[in-house]
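All chains are named by letter (A, B, ...) in the order of the sequence lines, taking the proteins before the strands, and each is independently numbered beginning at 1.
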Amino acid sequence: MSFTQFFQQLMNGFSLGSLYALLAIGYTLVYGILSLINFAHSDVFMLGTYFAFYMITIFMLPWWLSVVISVVLCAIVGMTIERVAYRPLRSAPRISALITAVGVSYFLENLGLVVLGARPKGFPRPDLMKNVYVIAGAKIQGVSFWVPIISIGILMVLLYIVYKTKVGMAMRAVAKDMETTRLMGVNVDQIILYTFALGSALAGAGGVMWAAKFPQINPLMGIFPGWKAFTAAVVGGIGNVVGAMIGGFIIGLAEILIAAFFPSLTGYKDAFVFGLLILFLIIKPNGIMGETLKEKV
Amino acid sequence: MNAEQPLLMIDNLHVYYGGIHALKGISLEVYKNKIVSLIGANGAGKSTTLRTISGLVRSRTGNIKLKDNLIGDLPAHRIVEMGIAMVPEGRKIFPNLTVMENLILGCYIRKDMVQIKKDMDWIFSIFPRLKERTWQKGGTLSGGEQQMLAVGRALMSRPQLLMMDEPSLGLAPLLVKEIFQIIKKINQEGTTILLIEQNARAALEISDFAYVMETGKINTSGEGKSLLFDEKVRKAYLGED
């Protein structure tokens with residue numbers, strides 16, 4: 001493989017990885033706080049693409065505005081899911097919440113099939129994403145160039161929120177000790193709501209960019225990216241925000257580079273990702289950035 | 001009796017944990033600027049009493065009144081806004097947050113930045129060791145430092161009433177002494193204190209008033225110093241014959 005080809009694949013991997021990272025954050029934030037795997041997260045990602053799709057095609061809004069509206073709507077959907085499905089189960093056993101999460105996921109997917117239709121829709125890509133840039137002799141697609149840049153910008157904002165604001169501080173506190181956080185005068189339910197809003201907003205942003213990269217959308221499109229982002233969150237150390245980002249890039253790069261270096265194994269790239277998940281669960285279940293967890297009693 | 005209105009008044013409080021009747025009609029009063037202690041054996045219901053006041057546990061019947069406000073039905077975060085802060089048992093410092101962040105979380109409900117800055121300086125004047133460790137993670141502090149941080153964190157909400165659950169637990173004897181001196185000092189600077197202690201003697205020595213709890217009920221009460229010489233209390237809780 002020539003250097004330019006490698007560089008192209010690298011950018012491709014980066015852009016895919018940054019999307020996994022955006023999606024993985026939502027899993028890791030919610031898990032960090034509620035010890036709940038929010039299976040519906042990938043469906044919020046799917047809804048994000050549809051929101052943007054309808055804003056662009058029906059309301060004829062400019063692309064950037066559609067993205068913003070889609071992100072806001074995703075945040076609202078995320079908060080609604082938490083309020084309606086998860087909050088009533090706060091003191092229930094963890095397995096009940098987990099099963100509910102699976103239920104919400106199936107509900108959204110099937111609602112999507114009924115309301116949005118099973119037939120895939122072509123997603124209108126903006127020119128920005130269609131352009132081809134030539135960098136150091138390598139032809140880089142607009143998506144591969146802009147998606148990582150935008151994603152990293154969003155991830156920086158997220159890190160700022162989590163580590164530099166009062167709400168972020170409360171999130172980190174809730175993740176460690178919910179009861180003591182309440183003793184600090186923090187409305188924990190509100191913080192959990194914000195957490196869902198934040199995670200879902202990132203899923204929305206990720207969804208729209210995913211659709212710009214793979215411009216065909218359908219109501220079940222969230223499932224595979226969701227599983228891989230979840231894998232990224234586990235590989236990075238579930239509950240850890242920085243870990244989820246690192247995990248996302250690792251999974252994205254691994255997936256693309258496997259296919260690039262071993263073209264005959266392209267069909268196995270998903271198997272490879274999930275093999276990695278199994279490997280991590282066996283060898284380093286706490287992930288790259290994860291601390292040694294004590295089982296909560 | 002005191003004609004003044006109590007800061008905190010608890011009337012006939014009943015609390016159930018699952019099927020267990022943990023508090024069987026607790027009534028007590030805390031007057032402003034006093035140190036009041038709850039002493040008693042393990043499982044007597046001292047912690048449950050504080051947890052009920054702070055809103056972490058719901059009572060089945062009974063009233064909790066802060067000045068003129070009934071606060072028994074408020075969620076925990078609203079209780080803090082009403083002016084009751086708690087130093088929880090086992091300190092419960094956020095290990096992943098820095099000392100500074102722990103303190104800022106303590107004044108989460110406040111917006112008056114200028115006064116917050118002053119209070120922070122006040123906390124550092126009481127606990128100079130915290131000032132040296134501002135950017136250290138809470139989890140890296142020693143037990144004594146964590147206890148100081150827990151007290152400082154609770155004080156950052158500028159409470160009218162500060163509740164402390166076993167502040168001397170697990171500390172070296174020298175530190176225990178220091179903690180009790182600090183409690184006294186905080187009280188003298190105008191904070192009312194409701195204290196739970198296993199170390200009954202040290203608690204009674206600094207208390208204006210004390211209640212002795214046994215199996216979910218209040219058994220005896222009286223001025224701190226007088227209980228020190230009470231025959232029953234001495235036998236049961238001070239380990240004397």
Under 3.5 Å, which donor-acceptor pairs do the side chains of residues 142-151 of chain B form with other protein atoms, sequence neighbours left out?
from     : atom 1 : to       : atom 2 : distance (Å)
B:Ser142 : OG     : B:Glu145 : N      : 3.3
B:Ser142 : OG     : B:Glu145 : OE1    : 3.3
B:Glu145 : OE1    : B:Arg133 : NE     : 3.3
B:Glu145 : OE1    : B:Ser142 : N      : 2.9
B:Glu145 : OE2    : B:Arg133 : NE     : 2.8
B:Glu145 : OE2    : B:Arg133 : NH2    : 3.0
B:Gln146 : NE2    : B:Gly138 : O      : 3.3
B:Gln146 : NE2    : B:Leu141 : O      : 3.4

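Taking non-hydrogen atoms and a 4.5 Å limit, the residue list of residues 198-206 of chain A in contact with chain B is empty.
B:Lys46 has no carboxylate O lying under 4.0 Å from a charged side-chain N of B:Glu197, or vice versa, which leaves the two without a salt bridge.
Contacts between B:Phe94 and chain A at a heavy-atom distance below 4.5 Å involve the side chain alone, from C-beta outward. At a 4.5 Å heavy-atom cutoff, B:Arg78 makes no contact with chain A through either its backbone or its side chain. If you measure heavy-atom distances from B:Arg110 to chain A, the contacts under 4.5 Å come from the backbone alone.
Between A:Ser18 and A:Phe249, the closest side-chain pair of non-hydrogen atoms falls below 4.5 Å. Contact check for A:Leu23 versus A:Pro225: side-chain heavy atoms found under the 4.5 Å cut-off.
A cation-pi contact, defined as under 6.0 Å to the ring centre and within 45° of the axis, is absent between B:Lys34 and B:Phe209.
Heavy-atom pairs under 4.5 Å with chain A were tallied for B:Ile84, B:Leu56, B:Ile104, B:Asn102; the largest tally goes to B:Leu56. When each of B:Met86, B:Met156, B:Glu101 is scored by its heavy-atom pairs under 4.5 Å with chain A, the top score falls to B:Glu101.
Proximity of the aromatic rings of A:Phe45 and A:Trp210 is defined here by a centroid distance below 6.0 angstrom, and this criterion is met.
Legend: residues meeting side chain to side chain donor-acceptor pair (under 3.5 Å) with B:Lys24, ordered by chain and number and at least two apart, are absent. Under the side chain to side chain donor-acceptor pair (under 3.5 Å) criterion, A:Tyr86 pairs with A:Asn38, sequence neighbours left out.
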